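Have a look at the structure below, then the notes.
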Amino acid sequence: MTTTFITGANKSLGYETARRLIEAGHTVLIGARDPERGREAADALGARFVQIDVTDDASVAAATAEIEAREGIIDVLINNAGVFGTHSPADQITAADASAVFEVNVVGIVRVTHAFLPLLRKSAHPVIVNVSSGMGSFAATHDPERIESQNLAPLYTASKAAVTMLTTQYAKSLPDVKVNAADPGYTATDFNGHSGPQTVTEGTDAIVELASIGTDGPTGTFRDRHGAMAW
């Protein structure tokens, strides 16, 4: 039985990832900041809710302690929680705007990963999946044929570039853990007013694939639903 913890799992990609992994036989723990929404999502899926705010040390420590007491182990950690941040033009972006985005999208991954590594290392096959984005790919954002090159979002794109690099560095530094990054692609979610051409199921293909790898699976990769991503 594989025990999987997903941050930001009360809606959109996190929720669909949870649904699919439960269907595949995982025991899934729904991580969410809002207790009401988190419990509602967990109840609908037949999962267990764990309250977590990835920007708060005490909240992350409490979530870790609760899981250690109840499950005792985590096999798969999916760092999915993320924010888009301000839609202001670049000349109006402030340091506070930047801090708010990076605190969730990048520092939050470091905070959660650090806290959960002892639980992951109790697994015979620990796996971490960081949800990144093609919006953080240098290749994609400079390719006029790709949708990523047509959108301007300085903070979100920079934070996701950082997530992908952080993933590759973790993979090199943690040889006992498989660490990969997933690009959901342009998916219909709250982030884009549900304008993306992909369904949430299509958007979770790479996440589910990387969460389900075996002992011979990759580490340090960046993938979308079609395969390896240039970054």
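Because the structure is a prediction, the values reported are computed rather than measured.
- Heavy atoms from other residues, nucleotides or ligands lying under 6.0 Å from CD of Q51 number more than 12.
- The minimum heavy-atom distance linking F84 with A153 is given by the pair CZ-CB, 3.4 Å.
- Here the straight-line distance linking atom NE2 of H125 with atom CG of D216 works out to 8.0 Å at 0.5 Å rounding.
- Take A182 and apply the side chain to side chain contact (heavy atoms under 4.5 Å, CB included) test, not counting sequence neighbours, and it matches V129, A206, I207, L210.
- When the salt bridge (charged side-chain N to carboxylate O under 4.0 Å, His left out) test is applied to D57, the partners found at least two apart in sequence or on another chain are R111.
- Other residues, nucleotides and ligands contribute over 12 non-hydrogen atoms within 6.0 Å of the CD atom of Q150.
- Atoms CZ and NZ, from R37 and K11 in turn, are 6.5 Å apart once rounded to the nearest 0.5 Å.
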Per-pair distances, 0.1 Å, donor-acceptor, side chain in residues 163-181, under 3.5 Å, sequence neighbours excluded:
unit_1, atom_1, unit_2, atom_2, d
T164, OG1, S132, OG, 2.7
T164, OG1, K160, O, 3.2
T167, OG1, N130, ND2, 2.9
T167, OG1, V163, O, 2.8
T168, OG1, M165, O, 2.8
S173, OG, Q169, O, 2.8
D176, OD2, R121, NE, 2.7
K178, NZ, T215, O, 3.3
K178, NZ, G217, O, 2.8
N180, OD1, G220, N, 3.2
N180, OD1, T221, N, 2.9
N180, OD1, T221, OG1, 2.5
N180, ND2, P218, O, 2.9

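- A single hydrophobic cluster is seen to contain both V208 and I22, as judged by linkage of ILVMFWY side chains at heavy-atom distances under 4.5 Å, directly or through other members.
- Formation of a donor-acceptor pair under 3.5 Å by the D183 side chain with backbone atoms of G134 is found in this model.
- Taken to the nearest 0.5 Å, the CG atom of L77 stands 8.5 Å off from the CG atom of L117.
- Residues V54 and I74 share a single hydrophobic cluster, defined by chaining ILVMFWY side chains whose heavy atoms lie under 4.5 Å apart.
- The closest side-chain heavy-atom distance from T2 to V127 is not below 4.5 Å.
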Checking side-chain contact (heavy atoms from CB on, under 4.5 Å) for the pair N10/D34: CA distance, chi angles, key distance, verdict?
CA-CA 9 Å; N10 62 290; D34 185 293; 5.8 Å; no
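- Of the possible donor and acceptor atoms, none in the side chain of D143 sits under 3.5 Å from a partner among the backbone N and O of A140.
- Side chain of S137 to main chain of A230: a donor-acceptor pair is present (N/O by atom type, distance under 3.5 Å, no hydrogens or angles).
- Taking a cutoff of 4.0 Å between a charged side-chain nitrogen and a carboxylate oxygen, E16 and R19 qualify as a salt bridge.
- Scanning all heavy atoms of the two residues, the minimum distance from F49 to A32 falls at CE1-O, 3.6 Å.
- Using a 4.0 Å cut-off between a side-chain N of Lys or Arg and a carboxylate O of Asp or Glu, K122 and E71 do not qualify as a salt bridge.
- Note on V76: it clusters hydrophobically with Y15, by side-chain heavy-atom contacts below 4.5 Å among ILVMFWY residues.
- Of all heavy-atom pairs between T86 and I93, the closest is CG2-CG1, 4.2 Å.
- Between L21 and S212 there is a side-chain heavy-atom pair separated by less than 4.5 Å.
- The 12-atom threshold is exceeded at CD of Q92, counting heavy atoms of other residues, nucleotides or ligands nearer than 6.0 Å.
- Smallest separation of non-hydrogen atoms from V104 and G82: CG1-CA, 3.8 Å.
- Side-chain N/O atoms of D53 and S59 include no donor and acceptor closer than 3.5 Å.
- One hydrophobic cluster, built from ILVMFWY side chains closer than 4.5 Å, holds both L120 and F5.
- Not one N or O on the side chain of D75 forms a donor-acceptor pair closer than 3.5 Å with the backbone of T4.
- Using a 4.5 Å heavy-atom threshold, the side chains of I67 and T3 count as separate.
- Annotation: the span from W231 atom CH2 to S133 atom OG amounts to 14.5 Å, rounded to 0.5 Å.
- Dense packing is recorded around CZ of R48, with more than 12 heavy atoms of other residues, nucleotides or ligands lying under 6.0 Å away.
- Between A115 and V60, the shortest heavy-atom contact is CB-CG1, 3.5 Å.
- Linking Ile, Leu, Val, Met, Phe, Trp and Tyr residues whenever their side-chain heavy atoms come within less than 4.5 Å leaves L119 and I78 in two separate clusters.
- Under a 3.5 Å cut-off, the side chain of T157 and the backbone N or O of P154 do form a donor-acceptor pair.
- Between D205 and R20, the closest side-chain pair of non-hydrogen atoms falls below 4.5 Å.
- Taking OG1 from T17 and CG from N80, the interatomic distance works out to 6.0 Å, rounded to the nearest 0.5 Å.
- The closest side-chain heavy-atom distance from V28 to L45 is not below 4.5 Å.
- The distance from the CD1 atom of I30 to the CZ atom of R39 is 13.0 Å, given to the nearest 0.5 Å.
- Side chains of Y156 and N105 form a contact here, defined as non-hydrogen atoms less than 4.5 Å apart.
- In this structure, the side chain of T7 engages the main chain of A81 through a donor-acceptor pair within 3.5 Å.
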